[in-house]
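Written out below as structure tokens is the structure these notes cover.
All chains are named by letter (A, B, ...) in the order of the sequence lines, taking the proteins before the strands, and each is independently numbered beginning at 1.
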2 protein chains.
Amino acid sequence: MSPRGRRPGGEDTRGAIVEAARAEFSRGGYDATSLRAVARRAGVDPALVHHYFAGKPALFAEVVGAPADPSALLGAILEGPREELGRSLARAFLQLWDSPEGRTRFEMVFRSTASHEESASLLREFLAKEVFGRIVAAVGDPSAPQERQRLRAGLAASQMVGLAVMRFILRLSWVAEASVDDIVDEVGPVLQGYLVR
Amino acid sequence: MSPRGRRPGGEDTRGAIVEAARAEFSRGGYDATSLRAVARRAGVDPALVHHYFAGKPALFAEVVGAPADPSALLGAILEGPREELGRSLARAFLQLWDSPEGRTRFEMVFRSTASHEESASLLREFLAKEVFGRIVAAVGDPSAPQERQRLRAGLAASQMVGLAVMRFILRLSWVAEASVDDIVDEVGPVLQGYLVR
DNA sequence: ACCGTTTTTCATCACGCGATGAAATATACA
DNA sequence: TGTATATTTCATCGCGTGATGAAAAACGGT
């Protein structure tokens, strides 16, 4: 490969490794991704990956830990008109995931979640606390018991997760090839029904 | 382990291997499951797995290929009263998956789907053709373009898949611990709205 | 009682994995 | 210039994997 020793130009090798890791993790998930494959893609010796990151878990944490955090996005939606909440949510999530990086991030998290119990816990707690907990708190409908509200919020989340699975993982053509607008027309009212009663 | 040679009693060793494989595939999916782990669980030498099955793919095919086929179930539902279709579907799928073996099968297929592109194609085609294609054909609403109907069927499928992911994989407590009746009350009308307009 | 067949373990092979410590080279700063 | 430091590859180790061929033991039919 390259000669030994430090490279001439001021290249961001560490960044290249992270980028390569993101690509590899997003196809195949956690277990199926090898440090050697990451190194290969980054054009780098496997030992260098170990030099920068303590091990595979640390590398994974680095990759998923740099979040385009959805809190801001969510806040804006929750302050919009209440009768548009379902459609706004649907559109926001779809646009978030339809971007190339969002899509990549979703696939990555999903695949790792499926194959790695630890990731599932992380994602579960994040979703419950940071996303849907906030929604429940914001659009609270006092006429229903809290249990019911939470179930409804969970089902709204289920609809979005299922949608993403169909569109990005399973790629069922009826869903994968539909336009964002058409999907928002259908899913918006459903979310509205779950969340604002 | 055991002495060499054939075992005394008329044990169904092949069946034990299949059972062990089912258990192992269902936790960890395709890639993360090793033939050695299957053999270990079955109390058998790894080479014996190879004796009965040509290799890992063949073993996997054997395990997922024995289907409790949902066609019959589906047929019964489609002949029931149309205004109950959403609730019937929701209840049927939930009961199917809530049984221990159904749950296991779902986890297995899901994990393999997530980590193995080939499985995703299989599942996609099966869902489109055998399940939701039939629903669309049966409850066809001529006032909407076929494209729209198919999107709606796909979204109904998404809701059920997402529900199962939340309940069985992510185990978000709000959804995982709810009763079947409560979920049917909420999801039934949503499916009804997607499918029968 | 014999012999062919089936079932089972044993002993390997080659390979890819994650990890580690040492060596080589470029940069940074005095 | 000289020397400390950061960056990078090299050479391994030990382990688990999927696969294969041969040997041993029980069964089944005659």
Side-chain angles (χ1 to χ4, degrees), chain A residues 1-64 111-112 115-119, chain B residues 1-25 27-64 111-112 115-116 118-119:
Chain A
M1 196 170 295
S2 297
R4 209 175 260 211
R6 186 169 188 157
R7 288 185 187 165
E11 314 174 33
D12 178 18
T13 311
R14 191 194 139 105
I17 292 177
V18 171
E19 197 181 343
R22 171 166 288 120
E24 288 292 324
F25 276 130
S26 74
R27 77 181 259 308
Y30 186 85
D31 289 336
T33 295
S34 70
L35 295 193
R36 292 168 126 92
V38 171
R40 221 174 295 131
R41 176 182 281 249
V44 137
D45 189 276
L48 191 57
V49 179
H50 250 90
H51 173 70
Y52 281 116
F53 306 94
K56 198 172 172 178
L59 180 58
F60 182 72
E62 173 90 13
V63 168
V64 290
R111 295 212 142 94
S112 302
S115 69
H116 212 244
E117 180 55 38
E118 192 182 339
S119 300
Chain B
M1 197 170 293
S2 297
R4 210 173 257 209
R6 188 168 189 160
R7 289 184 186 164
E11 316 173 33
D12 178 18
T13 310
R14 191 194 140 106
I17 291 178
V18 171
E19 197 181 342
R22 172 167 287 121
E24 288 292 323
F25 277 131
R27 73 181 262 310
Y30 187 85
D31 290 334
T33 295
S34 71
L35 295 193
R36 292 168 126 90
V38 171
R40 220 174 296 130
R41 177 182 280 250
V44 138
D45 189 277
L48 191 57
V49 179
H50 251 90
H51 173 70
Y52 281 116
F53 306 95
K56 198 173 171 176
L59 179 58
F60 183 71
E62 173 90 13
V63 167
V64 289
R111 296 212 141 94
S112 303
S115 70
H116 212 244
E118 191 181 339
S119 301

**A/Glu24: which of A/Arg111, A/Arg41, A/Arg36, A/Lys56 passes salt bridge (charged side-chain N to carboxylate O under 4.0 Å, His left out)** = A/Arg41
**Item:** side-chain contact (heavy atoms from CB on, under 4.5 Å), paired with B/Ile17, selected from B/Val63, B/Val38, B/Asp12
**Value:** B/Val38
**Message:** What is the distance, to the nearest angstrom, from the NE2 atom on B/His50 to the C1' atom on C/dT7?
**Reply:** 17 Å
**Prompt:** With a 3.5 Å cut-off and just heavy-atom distances, do the side chain of B/Arg6 and the base of C/dT6 make a donor-acceptor pair?
**Reply:** yes
**Request:** Write down the distance between CZ (A/Phe53) and P (C/dG18), rounded to a whole number of angstrom.
**Result:** 15 Å
**Closest-nucleotide ordering on DNA chain D, the 5'-leading residue of B/Lys56 and B/Arg4** = B/Lys56
**Prompt:** Atom CZ of B/Arg4 and atom CG of B/Asp45: how far apart are they, to the nearest 0.5 Å?
**Reply:** 9.5 Å
**Prompt:** To the nearest angstrom, how far is B/Tyr30 atom OH from D/dT17 atom P?
**Reply:** 15 Å
**Asked** Is the A/Tyr30 ring parallel, tilted or perpendicular to the A/Phe60 ring (thresholds 30°, 60°)?
**Response** perpendicular
**Message:** Expressed as a whole number of angstroms, how long is the span from B/Arg36:CZ to D/dC15:P?
**Reply:** 14 Å
**Request:** Give a yes/no answer on whether the side chain of B/Ser34 brings an N or O atom under 4.0 Å of OP1 or OP2 in D/dT17.
**Result:** yes
**Request:** Whole angstrom is fine here: how far is it from CD in A/Glu24 over to C1' in C/dG16?
**Result:** 15 Å
**Message:** Using OP1 and OP2 only, check whether a side-chain N or O of A/Thr13 sits under 4.0 Å from D/dT8.
**Reply:** yes
**Message:** Ignoring hydrogens, what is the shortest heavy-atom contact between A/Leu59 and A/Phe25? Give both atom names and the distance.
**Reply:** CG-CE1, 4.2 Å
**Prompt:** Expressed in angstrom and rounded to an integer, what is the separation of B/Leu59 atom CG from D/dA19 atom C1'?
**Reply:** 15 Å
**Prompt:** When we call it a touch if two heavy atoms are under 4.0 Å apart, what does A/Arg40 touch: a base, just sugar-phosphate, or nothing?
**Reply:** sugar-phosphate
**B/His51 NE2 to C/dT5 P, straight-line distance once rounded to whole Å** = 14 Å
**Request:** Could you tell me whether the phosphate oxygens of D/dA6, OP1 or OP2, come under 4.0 Å of any side-chain nitrogen or oxygen in A/Tyr52?
**Result:** no
**Item:** 5' priority, DNA chain D, between A/Leu48 and B/Asp31 [closest heavy atom]
**Value:** A/Leu48
**Request:** Specify the separation, in whole Å, of atom CG of B/Asp45 and atom P of D/dG18.
**Result:** 13 Å
**Asked** How is A/Leu35 classified with respect to the nucleic acid when contacts are heavy atoms under 4.0 Å: base, sugar-phosphate, or nothing?
**Response** sugar-phosphate
